[in-house]
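Worth knowing before you read on, the calculation uses all heavy atoms, side chains too, and leaves out hydrogens, waters and symmetry mates.
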Amino acid sequence: MSMGRDRPSLWIVLFCSIISPIVTNQYTVSAEENTDYPIIIDISLDDGTILTDVTTITVYIENENQPDSVTWELLSSGASFSFVNVTDNMEIHDSQLDRKYWSFDITIDAQTTSSCSCVLIIQASETGNLPIEESRSFFVSDSSAQLPPTIYVKSLYGDNWFSHVQTLNGISSAMNGDKPDISYAIQESPTVKCSSDDVTMQASEKYYPEVAWLDNEFTISLDVSDSIDGWHDIYLTSRDLLTALTTTFCLSVRVDNTPPTVSIQGPGESSEGFSMVNFDGSDTDDYHWGRSGLVYVWSVNEIVGPSSRNVLVQSGENVRSISIETSISGIYEISLTAIDNAGNSATSTQPLIIENIAPIARLLIDGIPVFDGDEINIPKTSSFTIDAKDSSDTENDLDGLRYVWRVDNVPVYEGSGREMFWPDDAGGRFILTLEVIDDDYVSSMISVTIMDNDTGFSFPVSLLIFLISACFLGYASSRRMHGADSDSDIPKWV
């Protein structure tokens, strides 16, 4: 790939030579401050330097251990043309410090090298961490001829996701020392990304952002809001305002302006207990880019009156579903937020009502089950046992049930059972009530009448009515038969 000027035939010789040990305050780290700090790269070259003779560029690498990989690369007029791995060719320097130092040299002879606008890129990496990168721009020239400016954007290492307005950092130098003009253009990537040798964009398709400079480093805001989701090539152009010479650098990025579509699958209601209810977000999708890389953030909030209380948060790339206990009844809100690689997010919520199951009150008197409304004959002189152990509820509430006993609706005892005596002021009967209450203050009751069987025979009302009816019927039949055998004194109608 070539951009702008033809690639120069640049001869660069790499020398790995022993140099004197270098220990300066710049690199000093005390043993007390020893931490696994990132790799430090220092390049003995200033941005914008013009090389006119033989120049040796020394690169220093500082770290606790030797990096797994150290490479250098040269770009000329925006195109890469040299890449060298120097991992095994660095010189280590003696040091009593925990941080060690390595160095290598790059020598450039401007007298035998074609003129170029060059960028030197040094990368060092160790397992488990992103590579560390430093870059410098310089010019190789053996004459007074002006060269186009340099431009380079630091590698994104997989974070090349762009959405709406994105900040971009890079370096650019003009040979005359002035700040060059920075512009950019965006187009959908062809099959081979950044493959255009000449980008012919209309003036209306070029953007001239506001540029913030710090020495030779620039920062711009790059707007991809109008670009559809997918791969795009961004062509950054640096133009020397004095000579109008330009250099273009291409960067391929993944544009994602569309937030994910969030889907929650799960029940709206459940009964209180020890079972789990499951909610699944696997159908959540991110339009063009699919589900890869999505981060799922689940939140469960209990709704208490006008407010809510968070009870659970789970998140991660693989947390596509969540399981919720049903041990506590109430109204809950299940929330799923999906975040895509570009930072776009969307949220969906679903209510969950965990219904409380009321307890069932069951009463044993002297070990015999009795039922609501029963009448039980027990002498005043006798004690009797009351027991609620057969009362039931969902398993999670069973151990926390309360048992309240009442005599004629007055609470007298709390507990699952005991031996009981007739109340002193009960007369010949009283009503015994058992109320079973769960942790949500939902209850059920059973009431029975306790009577003293020594106070006389309790004649059933239904049997009494039956006997009265039978007597009346017998009396009526007798009178009728008697009237048939004698003359009646009642005058008859004629």
Side-chain angles (χ1 to χ4, degrees), residues 266-279 300-312 322-334 350-380 382-426 429-452:
E269 295 183 357
S270 181
S271 296
E272 184 182 32
F274 276 130
S275 62
M276 307 289 285
V277 290
N278 299 314
F279 291 87
V300 180
N301 294 303
E302 182 182 10
I303 308 301
V304 184
S307 60
S308 64
R309 180 177 66 92
N310 183 262
V311 296
L312 179 66
I322 190 174
S323 296
I324 301 171
E325 294 182 356
T326 59
S327 57
I328 301 177
S329 62
I331 301 175
Y332 296 85
E333 184 180 73
I334 314 302
Q350 177 174 322
L352 170 65
I353 300 175
I354 300 179
E355 296 280 0
N356 181 58
I357 304 298
I360 299 174
R362 292 189 176 94
L363 172 59
L364 300 177
I365 295 182
D366 288 335
I368 299 173
V370 295
F371 304 95
D372 191 54
D374 281 358
E375 296 180 346
I376 313 298
N377 292 312
I378 300 175
K380 279 189 175 183
S382 301
S383 65
F384 55 96
T385 60
I386 54 175
D387 197 336
K389 67 180 181 181
D390 285 348
S391 298
S392 62
D393 200 351
T394 51
E395 186 179 357
N396 63 300
D397 282 347
L398 195 57
D399 292 338
L401 291 178
R402 293 176 55 211
Y403 307 91
V404 178
W405 302 86
R406 293 182 174 87
V407 171
D408 291 334
N409 208 32
V410 177
V412 295
Y413 172 65
E414 183 170 340
S416 60
R418 65 174 295 176
E419 182 181 11
M420 188 169 181
F421 297 88
W422 270 75
D424 294 336
D425 57 350
R429 65 170 57 202
F430 66 91
I431 297 176
L432 176 66
T433 301
L434 165 65
E435 182 179 15
V436 181
I437 309 169
D438 68 11
D439 60 349
D440 294 303
Y441 303 101
V442 177
S443 66
S444 66
M445 293 190 294
I446 182 171
S447 296
V448 297
T449 301
I450 307 296
M451 301 181 301
D452 181 7

The single option from Ser444, Ser447, Ser443 passing side chain to side chain contact (heavy atoms under 4.5 Å, CB included) against Glu435 = Ser443
Ignoring hydrogens and angles, tell me if any N or O in the side chain of Asn301 forms a donor-acceptor pair with the backbone of Ser308 under 3.5 Å.
-> no
Of all the heavy-atom pairs spanning Phe279 and Val277, show the shortest one and how long it is.
-> CE1-CG2, 3.9 Å
Going through the distances and angles, do Val442 and Ile437 end up as a side-chain contact (heavy atoms from CB on, under 4.5 Å)?
-> CA-CA 6 Å; Val442 177; Ile437 309 169; over 6 Å; no
Taking everything shown except Glu333 itself, do over 12 heavy atoms lie less than 6.0 Å from its CD?
-> yes
Using a cut-off of 6.0 Å, state whether more than 12 heavy atoms not belonging to Met276 lie near its atom CE.
-> yes
To the nearest 0.5 Å, what is the distance between OG (Ser275) and CD1 (Ile324)?
-> 11.5 Å
Within a reach of under 6.0 Å around CZ of Phe274, are more than 12 heavy atoms found that belong to other residues, nucleotides or ligands?
-> yes
Considering all heavy atoms, the nearest Val407-Phe430 contact | CG1-CD1, 3.8 Å
To the nearest 0.5 Å, tell me how far Ile376 CD1 sits from Ile368 CD1.
-> 8.5 Å
Okay, side chain of Glu325, backbone of Gly273: is any donor-acceptor separation there less than 3.5 Å?
-> no
Taking the side chain as C-beta and beyond, is there a heavy-atom pair between Thr385 and Leu364 under 4.5 Å?
-> no
Kindly compute the distance separating CZ (Arg406) from CD (Glu414), expressed to the nearest 0.5 Å.
-> 10.0 Å
Side-chain donor-acceptor pair under 3.5 Å between Thr326 and Glu272, yes or no?
-> no
Sub-3.5 Å donor-acceptor pair from the side chain of Asp374 to the main-chain atoms of Val448, do we have one?
-> no
Residues that Leu312 engages under side-chain contact (heavy atoms from CB on, under 4.5 Å), provided they are two or more places apart | Val300, Gln314, Ile322
Do any side-chain atoms of residues 352-362 form donor-acceptor pairs under 3.5 angstrom with protein atoms, and if so which ones, sequence neighbours left out?
unit_1, atom_1, unit_2, atom_2, d
Asn356, ND2, Asp438, OD2, 2.8
Arg362, NH1, Asp390, O, 3.3
Arg362, NH1, Ser392, OG, 3.0

Looking at Val410, Leu432, Thr433, which hits side chain to side chain contact (heavy atoms under 4.5 Å, CB included) with Trp405?
-> Leu432
Non-hydrogen atoms of Ala388 and Tyr403 that approach each other most closely | CB-CD2, 3.5 Å
Can you give each donor-acceptor pair under 3.5 Å made by side-chain atoms of residues 415-422, sequence neighbours left out, with the distance rounded to 0.1 Å?
unit_1, atom_1, unit_2, atom_2, d
Glu419, OE2, Ser383, OG, 2.7
Trp422, NE1, Ile378, O, 3.2
Trp422, NE1, Pro379, O, 3.1

Tell me, yes or no, whether the heavy-atom count around Leu401 atom CG, taken from other residues, nucleotides or ligands under 6.0 Å, exceeds 12.
-> yes
State, yes or no, whether a side-chain contact exists between Asn409 and Ile431 at a heavy-atom distance under 4.5 Å.
-> no
